[in-house]
Amino acid sequence: MKIKVWMIAVIILFISSPILKAQAVKNEVEDSIKREEMPKNALETLDEFWQGLNDIRYYFQTDGDSQSYEAKLEWQGSSYSIEFDDSGKVLDVEQLIEWDQVSSSASEGIGEYLQKEFRRVNITRLQRQYIADDEDDSDDEDFIDDILEGDEEDFEIRYELEVEGRSGRQIGAFELLFDHSGDLIQRRKIERRSVDNIW
Amino acid sequence: MKIFVVVVVAIFAWPLLGYAQSGPEWIWNPELSYSKDTSDRMTLGAKLSVFHSFEDFTEKRALEYIEQQFTGAYTLTPRWKIGGGYYYRLSNPLLDGYEYEHRLLQQAGYISYFGDRRLSHRFRLEQRIRSSSYQNRFRYRVGFDFPLQGEQLDPGERYLIIKNEIMTAFNGSEADAENRASLGIGWLLGGGQKFEVNAQHRTQDIFSGNGVGHLLLLNTTFYISR
């Protein structure tokens with residue numbers, strides 16, 4: 001009996017210690033954080049548009065060189081993700097959407113690309129990205145105001161897709177970025193964690 | 001988060017302490033797993049698994065078995081995998097009159113991804129050729145793992161893993177059923193390595209008519225994947 005209690009105590013101590021964490025080299029990191037840890041300017045921007053909105057989730061991201069902050073929220077039936085730099089300036093806004101919300105000019109190009117490059121493709125995640133035009137670049141409130149009011153002349157739209165399928169000899173998940181007219185900007189294969197612990 | 005992890009483990013460990021006083025068997029199950037993607041679709045794996053009883057921990061009879069596992073998996077679609085394997089088990093290897101088991105298995109798995117959260121279903125057929133008997137078995141396992149720090153699992157971070165498996169042996173003399181429920185915590189260590197601690201409760205001999213048996217197992221596995 002003593003040895004069982006001892007083993008459980010050791011495991012609990014082990015779990016709560018930073019030993020394992022310290023062993024790994026963390027280059028790319030995304031961590032959930034508290035509201036108080038967000039840059040002050042970012043909170044002011046969020047409060048301007050979503051004062052009193054509950055359930056906003058906050059995240060910190062770093063790749064070792066640069067760092068950014070993110071706020072994720074649900075508003076008027078849509079999921080938004082707003083990314084800020086470390087001074088609290090808005091970098092971009094992303095909105096989770098359905099395929100029928102993609103503009104016709106983009107959906108045609110995207111559809112053609114998927115048909116040409118993939119066999120049995122399945123879209124698992126689709127986001128609309130809003131990038132500030134030059135005149136709004138220094139004014140975050142104008143930029144978000146334009147998005148919420150749908151002033152499409154005042155920002156650039158891109159579409160980010162996560163798809164599963166087979167492309168040539170590759171099989172798995174891919175991230176694809178398209179511009180507003182459906183031309184591919186970037187493509188990368190999503191490296192998934194090994195499934196050896198659940199398969 | 002640290003407090004949350006400790007509380008989750010403590011909640012799961014508490015009933016196990018209760019069981020310990022009433023007699024079910026306690027097992028430590030250390031494992032070392034190595035897997036390698038040999039192509040975009042094919043993965044080969046090897047695992048060493050040990051069953052060591054907590055009772056009479058230092059006695060030779062406490063080492064209940066050593067098992068070597070060899071598996072192969074083929075990715076059919078981004079979500080479906082099929083595969084097979086061979087296990088060889090030596091029971092009571094430190095005692096005279098040890099027993100062996102050759103095991104063949106065929107399996108299929110379906111994995112759904114929700115960001116970095118994963119839900120898996122595994123269906124497995126086994127043929128157990130033992131020195132004293134032969135058994136066919138069917139197993140179904142559902143598993144779910146998800147990051148504990150944020151929505152994305154980064155190296156150095158922890159994840160929670162929940163699994164339940166039901167199985168039935170379906171040839172006449174050996175027919176019976178078993179359930180294995182487990183809760184664990186893992187650490188993604190980077191470099192394709194991870195470490196997991198799982199507490200598992202096995203409910204055995206469900207249809208035997210001789211009373212249901214309980215086995216409590218503490219599994220520690222170090223995974224290396226290349």
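Protein chains get the first letters and strands the later ones, always in sequence-line order, with residue 1 at the start of each. Just the heavy atoms: all of them, side chains too, but no hydrogens, waters or symmetry mates, feed the values below. The structure displayed is predicted, hence computed values, not measured ones.
Considering only heavy-atom pairs separated by less than 4.5 Å from chain A, the leading option among B/Arg79, B/Lys47, B/Glu196 is B/Arg79. The most heavy-atom pairs under 4.5 Å with chain B, out of A/Ile33, A/Val195, A/Asn197, A/Ile190, come from A/Asn197. Per-residue counts of heavy-atom pairs under 4.5 Å with chain A were compared for B/Arg124, B/Gln107, B/His121; the largest is that of B/Gln107. The most heavy-atom pairs under 4.5 Å with chain A, out of B/Ser120, B/Gly191, B/Pro78, come from B/Pro78. Between chain A and the options B/Pro147, B/Gly186, B/Gly143, B/Ser225, heavy-atom pairs under 4.5 Å are most frequent for B/Ser225. Comparing B/Leu153, B/Thr221, B/Thr75 by heavy-atom pairs within less than 4.5 Å of chain A, the highest count is held by B/Leu153.
Within 6.0 Å of the CD atom in A/Glu108, the count of heavy atoms belonging to other residues, nucleotides or ligands does not exceed 12. Atom CG of B/Asp56 has more than 12 neighbouring heavy atoms from other residues, nucleotides or ligands inside a 6.0 Å radius. No more than 12 heavy atoms of other residues, nucleotides or ligands sit less than 6.0 Å from atom NZ of B/Lys60.
The shortest distance between side-chain heavy atoms of A/Arg192 and B/Arg118 does not fall below 4.5 Å. Between B/Gln152 and A/Tyr59, every side-chain heavy-atom pair lies at or beyond the 4.5 Å cut-off. In this structure the side chain of B/Arg41 reaches within 4.5 angstrom of the side chain of A/Ile171, judged on heavy atoms.
With a threshold of 4.5 angstrom between heavy atoms, B/Leu119 does not approach chain A through any atom at all. Neither the backbone nor the side chain of B/Gln193 comes within contact range of chain A; no heavy atoms are under 4.5 Å apart. Interface remark: B/Tyr159 contributes side-chain atoms only to the contact with chain A (heavy atom separation under 4.5 Å). Looking at B/Thr77, the atoms closer than 4.5 Å to chain A (heavy atoms on both sides) all sit in the backbone: N, CA, C or O. For B/Arg141, the part sitting under 4.5 Å from any heavy atom of chain A is the side chain, from C-beta outward, and nothing else. The part of B/Lys163 that comes within reach of chain A is its side chain, from C-beta onward, which places non-hydrogen atoms under 4.5 angstrom from that chain. Only the side chain of A/Arg57 comes within less than 4.5 Å of a heavy atom in chain B; its backbone stays farther off. Interface residue B/Leu76: only backbone heavy atoms are found under 4.5 Å from chain A.
No donor-acceptor distance shorter than 3.5 angstrom exists from the side chain of A/Glu30 to the backbone of B/Gly150, with no hydrogens or angles considered.
With respect to A/Arg193 and B/Asp145, a salt bridge is recorded, a charged nitrogen being found less than 4.0 Å from a carboxylate O.
The CG atom of B/Leu188 sits 10.0 Å away from atom OG of A/Ser194, with the distance rounded to the nearest 0.5 Å. Here CG of A/Asp31 is found 7.0 Å from CG of B/Asp154. Values are rounded to the nearest 0.5 Å.
Nearest heavy atoms, B/Ile82 versus A/Trp199: C-CH2, 4.0 Å.
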